[in-house]
Structure formats: C-alpha cells, structure tokens
Visitor: 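Quick one: structure below, then a few questions.
Computed from heavy atoms alone, side chains included, the values below leave out hydrogens, waters and symmetry copies. Residue numbers start from 1 in every chain, and the chains themselves are labelled A, B, ... in the order their sequence lines are given, proteins ahead of strands.
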Amino acid sequence: MEEPKYHLTAVVKSRAENLEDFDGPLDIILQLLSKNKIEIRDIQISLIVEQYLAYLEARKRMDLDIASEFVTMASHLIYIKSKMLLSAADQQEALSEMELLMKSLEERKCKHALEQIQIGKTYLAARNEIGLGLFPKQPEPLRKDERYRYQHDARDLLKAFAMIAARSEKLLPPPVSSFEGIVGKEPFPVTKKAAQLLKSLVSRGVQKFREMFRGNRSRSELVATFLAVLELCKLKSVFVEQAESGEQTVTFLKMPDETKMEEQT
Amino acid sequence: MNELERAIEAILFAAGDPVDTARMATVLDCDPDEIHKAAQVLSDQMAFDRRGIRIVRLGEQYQMCSSSEMADVVTKTLETRKPPKLSSSLLETLTVVAYYQPVTKTYLEQIRGVDSGYSVSSLLNRHLIEECGRLNVPGRPILYRTTPDFLRTFGLHSLDELPEIERMSLETPPEQVPEQLAVDDLPGAAP
Amino acid sequence: MNELERAIEAILFAAGDPVDTARMATVLDCDPDEIHKAAQVLSDQMAFDRRGIRIVRLGEQYQMCSSSEMADVVTKTLETRKPPKLSSSLLETLTVVAYYQPVTKTYLEQIRGVDSGYSVSSLLNRHLIEECGRLNVPGRPILYRTTPDFLRTFGLHSLDELPEIERMSLETPPEQVPEQLAVDDLPGAAP
C-alpha cells in the first residue's frame with residue numbers, strides 16, 4: 001500500500017526555533033501535530049489537498065483505501081483547524097480530537113496487521129497436523145564421565161596449603177620433600193667419613209675437633225663429619241674432651257666393631 | 001554410511017531434543033556445512049527407505065523423531081495421544097508470535113484486540129512458544145518467541161517458509177491495563 | 001525393511017525405555033515370535049551397518065540406544081553444564097595427598113583438621129587420586145596417591161616439579177603468633 005507523500009514549507013519546529021520543511025505522509029503530519037512539533041495554524045490544508053490530487057493524477061487511478069483514509073484525515077484536519085481559528089478556548093477540545101484521530105489511526109493499523117496475520121494463520125492451520133505424528137523422545141541418560149578437564153596452576157597447591165596452615169593454627173608436619181638434601185639422602189656417607197677420620201687419628205693420635213672439618217667441601221660433608229665423630233664416640237672408638245684453652249680435642253682409643261659401622265649406611 | 005553420519009545419528013538419538021548444528025560441528029570438529037550435508041543425506045535416506053525413524057531440520061537444528069506413518073502404533077504402544085489441533089484463537093496468537101517475535105503479550109494483544117493471557121500460557125504449556133528475555137522498558141515485560149517444536153509441529157524447516165505478510169510497526173503504548181480489553185478470547189475462561 | 005520392522009523401529013525409538021515383546025505383539029497384532037524375529041533382523045542390520053543407533057535385547061524386552069562406539073561424542077554434545085571446577089576443600093585435600101603421599105584418609109584429616117571423606121571420594125571419581133595399597137597398621141587403612149591425570153591438570157611432568165613449600169607457608173601466619181613468641185625474635189623488644 002503506497003501512500004501519497006506531502007511537502008509543506010516551513011512548518012516543523014526545529015531546535016533553533018526556525019521552521020523547517022516537511023516531507024511525508026499524512027499520518028506523520030498528524031503525529032507531529034499531536035506532539036506539538038507542528039502548529040495547526042501553519043498548515044495549509046489547501047496545499048495538502050492540491051498535492052493529493054496531483055498524486056491521484058500521477059497514479060491515474062483511485063485507490064479506495066487511501067482515498068477513504070485521506071478523506072477521514074483531511075476532514076479531521078479541517079475540523080481541528082476551523083476550531084482553532086474560532087477561539088482559543090476550543091483548543092483543548094481540538095487537541096483531544098487530535099488524540100482520538102491518532103488512536104483511530106493506530107486502530108486502523110492494528111486491524112490491518114490482524115488481517116495480514118490471517119494469511120499466516122490460514123497457512124499454519126492447513127499444516128496443523130503435519131508434525132503431530134512426529135514423536136520425539138526423551139533424552140538418553142548421560143553416561144557420566146567425571147574425568148577432570150580443567151587446567152590449574154601448580155601454585156594453586158601452595159595457596160591451598162596456606163589455607164590449611166592458616167586454619168589449623170598449628171605447625172603442619174613438613175612434607176618429606178622439605179628434608180631433601182638434609183637427611184633424606186646421604187650424599188656424603190657417614191661411614192666413609194668415619195673411615196677417613198680414623199685413618200687420620202691413627203696416624204696423629206690427637207686432633208683438634210675443629211680441624212676435622214678442614215677441607216670439607218659441602219654442607220653434607222660437614223654433617224657427615226659431625227655425625228661420624230658422634231658415632232665414633234658412641235662406639236667408644238674416640239674420646240672428645242675440652243682442653244684448658246677451651247678447644248675441643250679428639251683422641252683415638254680403638255678401632256670400632258666393623259658390623260656396627262656398617263649399620264650406618 | 002560414513003563416520004560423520006554415524007556420529008550425527010547417535011547424537012540426535014541420544015539428545016531427543018533438537019541439537020544445534022554448530023554444537024555438533026564443534027564436537028565433531030568439522031564445518032557446519034558438512035553437518036548440514038551429512039544430516040541431509042541421513043534424513044533423505046531414512047525417508048527413502050521409509051524407516052520408522054526420521055530426521056527433521058528445524059532452522060539451525062536437527063531432531064530425530066518417529067515417522068508420522070507410524071504415529072498410530074506409537075501412540076497405542078505408549079498409551080499417549082496425538083496432541084489435539086490448535087483452536088482458532090491459539091492459532092491466531094501463535095501466528096502473531098511467529099511473525100512479530102520477539103514480542104510482548106501487550107503488543108500481541110494490541111494487534112489481536114483481545115486479552116491473550118490464556119492463549120499465551122496454553123502455547124507455553126505446549127512448548128510451541130517460549131520466553132526469551134525481557135523488553136528493556138518500564139515493567140520489563142517478558143518477550144516470547146516460537147520454539148523448534150513449533151517448526152516440527154507445522155512441518156516447517158525454518159521461519160522463512162512462512163508466507164510473507166505486511167508487518168505493522170505499532171506505537172507501543174505504555175503497558176496497558178487490560179481492563180478495557182478484558183474480553184478474554186475464551187468465553188468462560190475466568191482467571 | 002518390512003512394515004513390521006518399520007513399526008518396531010518407530011516404537012522402540014519413541015519409547016526410549018525397554019519395551020516388552022508381548023506389548024509390541026499386541027499392538028502390532030502378531031505373534032511374539034515374529035516380533036523377536038523382526039527385532040533381531042533390525043538389530044543385526046544396525047550392527048552390520050555400524051549405525052549410530054543399535055537395538056539390544058534385554059530378556060523379553062528390546063531397547064534402542066545410541067552406539068557405544070559413539071559414547072564420547074554423544075557425551076560431549078549433550079553435556080550442558082561443564083563439570084564444576086575443584087572447590088577449595090577439594091583442592092586442599094588434593095594438595096595434602098600430593099605432598100604427603102602415600103597417605104591415609106585419617107592422616108590427611110589430621111592435617112586438614114576436617115572430615116574429608118567426601119573430598120576423597122570426589123577426587124577418586126575425577127581420577128585425580130587413586131588407591132595404592134594399604135598401610136601395615138591395625139585396620140590396614142587405604143593409602144592414596146596422585147594420578148598421572150593430576151600431573152596433567154597441574155602442568156607437571158613429575159612429582160619432583162611440585163612447587164617447594166616455603167617455610168612460611170608451613171607456619172602459622174605472623175598475625176596469629178602469640179605475643180610472647182613474636183617479640184622474642186625482635187632484639188630490644190623486651191616486654
């Protein structure tokens with residue numbers, strides 16, 4: 001449904017309070033009127049009628065739908081305008097007339113929309129039974145696979161540890177890994193160190209405790225030396241005492257029992 | 001029957017509900033077009049062999065269902081019934097939703113000119129329409145659209161198959177109190 | 001494919017659940033033996049064609065199901081919700097197992113200070129920990145250790161790559177250290 005368009009000069013209120021030209025169909029003019037974008041006094045109805053006739057002339061035929069719509073709307077315009085011209089007191093009444101007009105326009109649209117819907121409804125009604133015999137089924141129960149499928153940062157483990165520590169308010173037993181390089185393994189065997197010490201003591205008799213550590217290259221060798229001295233003491237193979245000077249000395253007594261030494265490794 | 005067709009057959013069977021082409025494409029690591037092609041081959045073969053099961057296309061989804069030729073034995077075995085045909089007012093409401101979706105109840109009542117609360121809830125119950133969010137205006141009214149079940153029931157493969165009509169754009173009035181319009185389309189359907 | 005096979009296919013599809021042979025025989029107005037024969041033909045044909053769907057006999061019933069070869073893609077497609085990520089309590093339990101393994105439930109409950117039965121079984125389900133023998137003490141409690149899945153999840157190649165726990169993280173946080181202990185470490189901060 002093609003609607004005729006109208007051109008009116010300097011009727012639409014712009015922001016700058018200048019009046020701009022209007023181009024568009026009649027119902028837009030009515031809308032603009034209702035929103036006070038156009039003053040009824042600025043509208044020349046004769047101009048609209050002229051343009052409408054020109055439109056008819058161009059189309060060379062009468063569209064009854066458009067014609068009746070035009071007559072309804074144009075007559076309303078004339079009615080409203082004549083009321084406006086009569087007295088300012090009639091303005092309110094004129095405005096409610098406008099609203100009524102707008103409403104009837106909306107209703108016309110709805111009616112048309114519903115008529116159009118009937119086309120679709122007829123089409124659907126004919127197909128109403130096509131799919132009624134197609135039965136879908138319930139989903140098959142899922143075979144659950146709960147295998148974990150996310151990636152975590154290894155540091156999440158540390159955070160979790162901190163959480164436990166914070167909550168328990170007591171020291172957690174350190175895990176085995178914390179002892180690695182201290183006592184977990186014995187990179188420098190105590191037995192080997194004990195043998196070295198014995199060899200050195202046998203040749204010299206007495207030695208300063210401090211000297212036993214001379215030449216030790218690693219923390220584990222230092223530990224081994226200390227443990228070896230303690231172990232040899234326990235086996236009564238050496239004797240440790242503090243001299244007047246405050247210096248500890250180690251004295252060789254006898255060779256220890258071999259089997260007991262082996263338990264060390 | 002190739003591997004892709006086997007997989008689609010298994011998925012559609014297990015799902016029961018319509019399955020998105022895109023979802024199958026992701027899982028089966030292939031192009032959606034390949035899914036469409038394979039599903040179409042399967043569907044055609046089933047129709048040609050007049051099998052007891054069929055595959056139907058519903059927009060961008062596929063669904064497996066029993067053949068309508070077998071509707072009688074299926075309903076007898078399962079002791080169900082074919083759903084009844086839609087009444088004229090339900091059909092009208094459904095048509096408005098189909099053309100104007102997503103649409104609010106107020107908007108469709110404006111077009112139909114009658115209260116449509118009963119029709120809407122009835123279509124929701126039949127899974128022919130569903131909620132699809134809310135309109136961002138005061139009151140945040142619920143929006144409705146048609147479902148894949150709607151397509152299947154009416155033997156449509158997509159909404160594009162609906163005949164073309166002129167759609168009006170209405171001035172949406174502020175949410176109307178349906179009091180003035182409270183002539184329910186179902187006489188005696190008191191709330 | 002004959003009419004009886006078509007009907008059985010449609011019925012088994014729509015039912016989803018197992019269907020009695022007798023019930024199908026009644027509905028299809030034939031002998032149960034004929035149902036058995038037709039269902040068997042259908043079942044064999046599907047297996048032979050390696051279809052995505054299969055028919056299995058369960059005593060006097062038949063059921064249609066998706067092929068187990070397709071279980072993976074079916075599960076992937078249908079899983080609507082991603083399985084949840086590890087909760088903090090699961091993560092804690094897993095951490096204790098990782099650092100103290102092999103470990104009994106009692107020991108890890110002692111460390112965590114809370115009951116951990118649910119966490120342990122949940123981690124077992126997710127294949128992040130596994131049983132690895134029993135501790136040789138009265139009651140012979142089960143020992144747990146982490147799995148290769150655990151290493152993969154945390155991007156580790158071996159347990160040696162577990163981040164080292166710093167002394168700080170093992171100790172009570174400073175703000176919770178009792179006053180007398182805290183000041184000892186500070187020279188000149190005599191009470």
Side-chain angles (χ1 to χ4, degrees), chain B residues 1-30 35 38-39 41-43 45-56 61-82, chain C residues 1-30 35 38-39 41-43 45-56 61-82:
Chain B
M1 185 170 212
N2 66 31
E3 206 58 23
L4 191 56
E5 288 161 27
R6 287 189 181 99
I8 293 173
E9 188 174 58
I11 289 169
L12 293 183
F13 173 84
D17 297 322
V19 182
D20 283 329
T21 308
R23 180 142 185 91
M24 288 191 275
T26 309
V27 170
L28 300 173
D29 193 24
C30 65
I35 300 288
V41 168
L42 260 178
S43 173
Q45 193 61 48
M46 284 174 176
F48 182 80
D49 294 342
R50 293 185 46 228
R51 297 191 73 92
I53 51 175
R54 300 298 163 89
I55 286 173
V56 290
Q61 303 183 308
Y62 287 91
Q63 185 173 29
M64 191 180 278
C65 30
S66 63
S67 154
S68 53
E69 292 169 35
M70 294 298 160
D72 280 352
V73 292
V74 168
T75 50
K76 254 199 224 164
T77 318
L78 304 186
E79 293 176 317
T80 54
R81 212 174 267 224
K82 276 195 197 177
Chain C
M1 186 170 212
N2 66 32
E3 206 59 23
L4 191 56
E5 287 161 28
R6 288 189 181 98
I8 292 173
E9 188 175 55
I11 289 169
L12 292 182
F13 168 83
D17 297 323
V19 182
D20 285 333
T21 308
R23 170 119 200 106
M24 287 192 275
T26 310
V27 170
L28 299 171
D29 194 23
C30 66
I35 300 287
V41 170
L42 259 179
S43 175
Q45 193 62 47
M46 284 176 175
F48 182 79
D49 295 341
R50 294 187 43 229
R51 298 193 71 94
I53 51 175
R54 301 296 166 87
I55 287 173
V56 290
Q61 300 183 311
Y62 286 92
Q63 183 174 24
M64 192 181 279
C65 51
S66 60
S67 153
S68 56
E69 290 168 39
M70 295 296 162
D72 261 9
V73 291
V74 167
T75 311
K76 264 197 213 161
T77 317
L78 303 192
E79 248 174 7
T80 44
R81 280 184 313 141
K82 262 190 145 182

Visitor: Does anything in residues 3-17 of chain B form a salt bridge (charged side-chain N to carboxylate O under 4.0 Å, His left out)? List the pairs, not counting sequence neighbours.
Guide: Glu3(B)-Arg6(B), Glu3(B)-Arg50(C), Glu9(B)-Arg51(C)

Visitor: How many angstroms lie between atom CZ of Arg23(B) and atom CG of Leu78(C), to the nearest 0.5 angstrom?
Guide: 8.0 Å

Visitor: With a 4.5 angstrom heavy-atom cut-off, which part of Leu42(B) approaches chain C: side chain, backbone, both or neither?
Guide: side chain

Visitor: To the nearest 0.5 angstrom, please state how far the CD1 atom of Ile11(C) sits from the OG1 atom of Thr75(B).
Guide: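 With rounding to 0.5 Å, CD1 (Ile11(C)) is 9.5 Å from OG1 (Thr75(B)).
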
Visitor: Go through the structure and list residues passing side chain to side chain donor-acceptor pair (under 3.5 Å) with Asp49(B), not counting sequence neighbours.
Guide: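 Partners of Asp49(B) by the side chain to side chain donor-acceptor pair (under 3.5 Å) criterion, ordered by chain and then number, come out as Gln45(B).
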
Visitor: Quick one: which of Ala15(B), Ser67(B), Cys65(B) has the most heavy-atom pairs under 4.5 Å with chain C, could you say?
Guide: Cys65(B)

Visitor: Identify the two heavy atoms, one from Met70(C) and one from Ala10(B), that lie closest to each other, and give their separation to 0.1 Å.
Guide: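 Reported closest heavy-atom pair: CB-CB, 3.5 Å.
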
Visitor: Between atom CE of Met24(B) and atom OG1 of Thr77(C), what is the distance when rounded to the nearest 0.5 Å?
Guide: 8.0 Å

Visitor: Counting only non-hydrogen atoms closer than 4.5 Å, does Leu28(B) touch chain C with its backbone (N, CA, C, O), its side chain (CB onward), both, or neither?
Guide: side chain

Visitor: Is it the case that more than 12 heavy atoms not belonging to Asn2(C) sit under 6.0 Å from its CG atom?
Guide: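 Above 12, so yes.
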
Visitor: Among Asp72(B), Val74(B), Ile53(B), which has the most heavy-atom pairs under 4.5 Å with chain C?
Guide: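 Among the listed options, the one with the most contacts to chain C is Ile53(B).
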
